[in-house]
Every structure is written in C-alpha cells, then in structure tokens.
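Here is the naming used below: chain letters follow the sequence lines, and residue numbers restart at 1 for every chain.
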Protein chains: 2
Amino acid sequence: MKAAARPCSIADTLALVGEKYALLVLREVSLGVHRFDRIARNTGAPRDVLTARLNRLVEAGVLEKVAYSERPPRYEYRATPAGQELQPVLLTLMAWGDRHLNADDRPVVLEHRCGAPLSPVVVCAHCGGEADRASLSADVRTPGWTTTGPDTDTA
Amino acid sequence: MKAAARPCSIADTLALVGEKYALLVLREVSLGVHRFDRIARNTGAPRDVLTARLNRLVEAGVLEKVAYSERPPRYEYRATPAGQELQPVLLTLMAWGDRHLNADDRPVVLEHRCGAPLSPVVVCAHCGGEADRASLSADVRTPGWTTTGPDTDTA
DNA sequence: GGTATAGGTTTGATTTCCCAACCCACACCT
DNA sequence: AGGTGTGGGTTGGGAAATCAAACCTATACC
C-alpha cells in the first residue's frame with residue numbers, strides 16, 4: 001500500500017484545476033474570452049495542452065461547449081455555475097499577486113459595483129467577520145489525521 | 001517574437017505556487033505541520049520534489065526556515081506574513097471542493113471564531129458587498145489587452 | 001483557384017515528475 | 001564499541017507531461 005496523502009478538498013480541487021493553464025483558461029473565460037484560438041494566445045498555452053485542459057474542464061462540469069456556428073460547426077467555451085463559483089479562487093490569487101508581486105502597477109484592476117477598486121476579503125458567511133489564521137480552528141474528520149499528522153503511522 | 005501571454009497577477013502568482021504540491025505544502029504548514037518528513041507524507045509529494053518546492057517557497061519569501069535544533073542542525077518551515085496571506089486562496093479552493101466534490105462529507109471543517117463552521121465568502125473590502133461575477137467589471141491596464149483579446153473581436 | 005479563419009491533431013524534443021535507494025550526522029540502547 | 005532509528009535530505013534512471021512547429025479539415029471570402 002502506498003501511504004495515501006491527507007484527504008482534503010484543497011487537494012481534490014487542485015487535482016481538477018491545478019494543472020498548468022487550467023486556472024488561466026478560467027480567467028479568460030470569465031473575462032469574456034470564449035474561443036480556442038484566443039484563449040490559446042492569451043494564456044500562452046500550447047494548443048495540444050489547451051485541448052486537453054478544455055476537455056477535462058468540460059468533462060468536470062466547470063465549462064460547457066456552446067455552438068456558435070452550424071456550418072462549419074464551431075463551439076465556444078463558457079463557465080457553468082460550478083465554473084463561476086471558482087471566481088473566488090481567481091480573485092484571491094489575483095489579490096495576492098497584486099500585493100506581493102505587482103504592487104507598483106497592477107495589470108488588471110477590478111471595479112466593484114460600489115465604485116471602489118476591489119480588494120477582496122474572505123469573510124465568514126455566518127457572522128461576516130474576516131476569516132484569517134487567528135480566527136479559525138480545524139476539525140479534521142478523518143480518523144488518524146490530525147493537524148500534526150497521522151499518529152503512529154502503519155509503516 | 002514569441003506572443004507573450006496576458007500580463008496578470010493570477011498568472012504571476014501561479015508561477016510561484018501553481019506547481020504541483022506547492023499549495024498543499026502551504027496547507028500543511030498552515031495546519032501546523034512544519035517538518036520535512038511529515039509534510040512529505042501528508043502531501044504525498046516525492047522527497048526531491050518537496051525539496052525543490054520548499055526551497056522555492058523560501059526563496060520567494062512565502063516560507064522561512066527556522067532552526068529547532070543545533071546539534072544536529074535541523075530546520076522547520078513556517079509561513080511568513082506573505083505566506084499567511086495565501087490562506088484566502090486555500091480557503092476558496094477548499095470551499096469549492098467541499099461544495100462540488102465532497103458535498104456529502106467534508107474531510108476537514110474549519111470553525112470560525114463566531115462558532116459556526118466556516119463558509120468563506122469573498123467580499124469587497126470597501127463596501128462589504130459580495131464580489132461575484134455580476135458585481136465586477138475589469139479594467140485592463142496593459143495597452144492592447146482588453147477583455148476580448150489583443151485585437152478586434154466580437155464578444 | 002488561392003488565401004484566410006477556426007479548431008484542432010501529430011510529431012519529436014525537452015522538462016518535470018516519480019520513486020526507490022543511498023548518504024550523513026547524530027541520539028539512543030546494549 | 002556496535003547496532004538501530006530518526007531527520008533531512010541527494011542521486012539515478014524511467015515514466016509522464018509540456019513544448020513548438022507543422023499539418024489537417026471544413027468553410028468563407030476574393
């Protein structure tokens with residue numbers, strides 16, 4: 001047996017969208033870029049890799065193919081509701097890069113409906129308080145996996 | 001010339017933490033697992049890959065090596081402030097996986113200070129309103145790059 | 001007919017990833 | 001003193017993913 005890793009939704013999500021370019025494809029789609037050629041150029045993904053990513057994301061229900069031409073048959077890629085729910089991941093990644101990598105000039109600035117440039121904050125849906133390190137405690141539900149690792153591991 | 005991809009903080013951030021296992025390493029550190037062997041087991045990362053990731057994350061200022069023993073010299077890895085600021089990325093990834101991949105039983109449940117199990121929501125720091133697709137508009141600051149691509153396009 | 005566009009597929013070279021084995025310095029036990 | 005265990009890696013070679021460029025199919029445009 002092969003010493004399985006910790007069961008975790010982060011790992012499961014990354015197994016789907018953690019491959020190279022997958023999240024950049026989602027970025028483009030969510031910016032309104034829906035067609036193969038343009039996604040390829042905007043992300044820099046090789047075309048064969050892009051084909052693989054698109055198929056996988058469609059299969060996973062994150063994107064869907066929508067016909068925009070009958071003759072010749074042509075499709076574009078749009079985010080499903082599940083795909084749109086990945087937007088928070090993109091927002092938090094962007095916020096971190098804006099702060100730590102591109103502090104002096106941000107390549108893209110999102111404007112919120114309220115009129116301000118968006119700085120995204122993660123809060124608790126229940127109380128509205130910020131969800132940072134200090135305000136959270138983990139409840140690990142898999143027997144043998146604590147925050148400090150599996151106790152006396154079976155070798 | 002080589003048809004550069006869109007300038008973007010998401011891409012820049014992923015160039016750092018988008019390689020395989022990088023975010024899982026961060027997950028472990030943020031769960032209180034700081035040592036090489038245990039991080040290796042809990043993430044499933046091969047040891048050489050883990051060595052490469054840890055060095056890269058230290059070099060990038062996301063993790064730091066802290067000595068916990070002089071003789072023999074031994075180090076553990078801890079998140080810097082910059083590393084702690086990646087927590088929102090982990091939270092949003094986990095939330096998506098909890099909802100779409102592990103809806104029936106979540107492997108880890110985080111409890112917020114308020115007592116409720118955390119469901120993280122991304123809001124605008126300025127007005128506190130939720131930041132979803134409909135409430136955002138993009139301002140692309142790099143000449144030639146719009147939301148529809150570098151040259152002409154119809155949405 | 002010739003050219004352009006859109007969305008791929010194929011080919012072959014280059015990078016990563018993976019995994020088992022090995023190494024080193026020390027602690028602990030006998 | 002010798003043997004065993006632990007922590008934190010490094011090394012080597014094979015498997016898999018990525019890359020760039022060329023190629024293919026179908027249709028529209030001139």
Side-chain angles (χ1 to χ4, degrees), chain A residues 1-5 11 14-25 28-29 33-58 63-78 148-153 155, chain B residues 1-5 11 14-25 28-29 33-59 63-78 148-155:
Chain A
M1 214 154 74
K2 227 196 75 163
L14 286 174
L16 198 55
V17 298
E19 294 169 298
K20 207 166 179 185
Y21 301 113
L23 285 172
L24 298 185
V25 168
E28 289 302 315
V29 168
V33 177
H34 302 288
R35 320 258 249 239
F36 188 95
D37 267 28
R38 207 172 290 281
I39 296 172
R41 279 214 308 289
N42 290 9
T43 59
R47 301 169 72 84
D48 57 341
V49 175
L50 180 57
T51 300
R53 292 298 171 275
L54 288 170
N55 289 340
R56 184 152 171 61
L57 292 172
V58 167
L63 296 181
E64 58 186 345
K65 261 175 125 153
V66 178
Y68 70 91
S69 155
E70 294 288 323
R71 324 180 26 71
R74 294 270 136 88
Y75 299 88
E76 59 185 17
Y77 297 89
R78 296 196 169 262
T148 55
D151 32 28
T152 56
D153 200 357
Chain B
M1 204 166 141
K2 229 190 64 162
L14 286 174
L16 198 55
V17 297
E19 293 168 300
K20 208 166 179 183
Y21 301 112
L23 285 172
L24 297 186
V25 169
E28 289 303 316
V29 168
V33 177
H34 302 288
R35 321 259 248 240
F36 189 94
D37 266 28
R38 208 174 290 278
I39 296 172
R41 279 212 311 286
N42 291 8
T43 60
R47 301 169 72 85
D48 58 342
V49 174
L50 181 56
T51 300
R53 292 300 172 275
L54 287 170
N55 289 340
R56 183 152 171 63
L57 292 173
V58 167
E59 183 192 354
L63 295 181
E64 59 185 345
K65 262 176 125 154
V66 179
Y68 70 91
S69 155
E70 294 289 322
R71 325 188 28 75
R74 295 259 190 278
Y75 300 89
E76 59 183 18
Y77 297 89
R78 296 198 168 262
T148 58
D151 29 62
T152 65
D153 185 59
T154 55

- Message: With a 4.0 Å limit, can you tell me whether A/Lys20 has a side-chain N or O closer than that to the phosphate oxygens OP1/OP2 of D/dC19?
- Response: yes

- Message: From C-beta outward on B/Phe36, which listed nucleotide comes closest to its side chain: D/dA20, D/dG8, C/dC26?
- Response: D/dG8

- Message: In whole Å, I'd like the distance from the CG atom of A/Leu50 to the P atom of C/dT10.
- Response: 16 Å

- Message: salt bridge (Lys or Arg N to Asp or Glu O under 4.0 Å) for B/Arg78 and B/Glu64? Distances and angles first, verdict last.
- Response: CA-CA 5 Å; B/Arg78 296 198 168 262; B/Glu64 59 185 345; over 6 Å; no

- Task: Classify the side chain of A/Arg47 and the base of C/dG8 as holding, or not holding, a donor-acceptor pair under 3.5 Å.
- Result: yes

- Message: Has B/Arg53 got a side-chain atom pairing as donor or acceptor with B/Lys20's backbone, closer than 3.5 angstrom?
- Response: yes

- Looking only at heavy atoms, what is the nearest atom pair of A/His34 and A/Val29, with distance? CE1-O, 3.5 Å

- 5'-most contact on DNA chain D (nearest-nucleotide basis), A/Val49 vs A/Pro73, goes to A/Val49

- N or O in side chain of A/Arg53 less than 4.0 angstrom from D/dT18 OP1/OP2: yes

- Note on the structure: Rounded to whole Å, the CD1-P distance (A/Ile39 to C/dG7) equals 9 Å

- Message: Check this for me: does the side-chain of A/Asp48 come within 3.5 Å of the base of D/dC19 through a donor and an acceptor?
- Response: yes

- d(CD, A/Glu70; P, D/dA28) in whole Å: 12 Å

- Query: Checking only heavy atoms, does the side chain of B/Arg74 share a donor-acceptor pair with the base of D/dG7 at less than 3.5 Å?
  - Reply: yes

- Taking NE2 from A/His34 and P from C/dA6, how many angstroms apart are they, rounded to a whole number? 15 Å

- Whole Å only: how far is the CG atom of B/Asn55 from the P atom of D/dG9? 8 Å

- Query: To the nearest Å, how far apart are A/Glu19 CD and D/dC19 P?
  - Reply: 12 Å

- Task: Nearest 0.5 Å please: distance from the CG atom of B/Leu23 over to the OG1 atom of B/Thr43.
- Result: 12.0 Å

- Query: According to a strict under-4.0 Å criterion, is B/Tyr75 in side-chain N/O contact with OP1 or OP2 of D/dG9?
  - Reply: no

- Just to confirm, is there a sub-4.0 Å distance from OP1 or OP2 of C/dG8 to any side-chain nitrogen or oxygen of A/Tyr77? yes

- OP1 or OP2 of C/dG7 sitting under 4.0 Å from any side-chain N/O of A/Tyr68? yes

- Message: Could you check whether B/Arg41 makes a cation-pi contact with B/Phe36, meaning its NZ or CZ is under 6.0 Å from the centre of the six-membered ring and within 45° of the ring axis?
- Response: no

- The side chain of A/Thr51 lies closest to which of these nucleotides: C/dC18, C/dT9, C/dA6? C/dT9

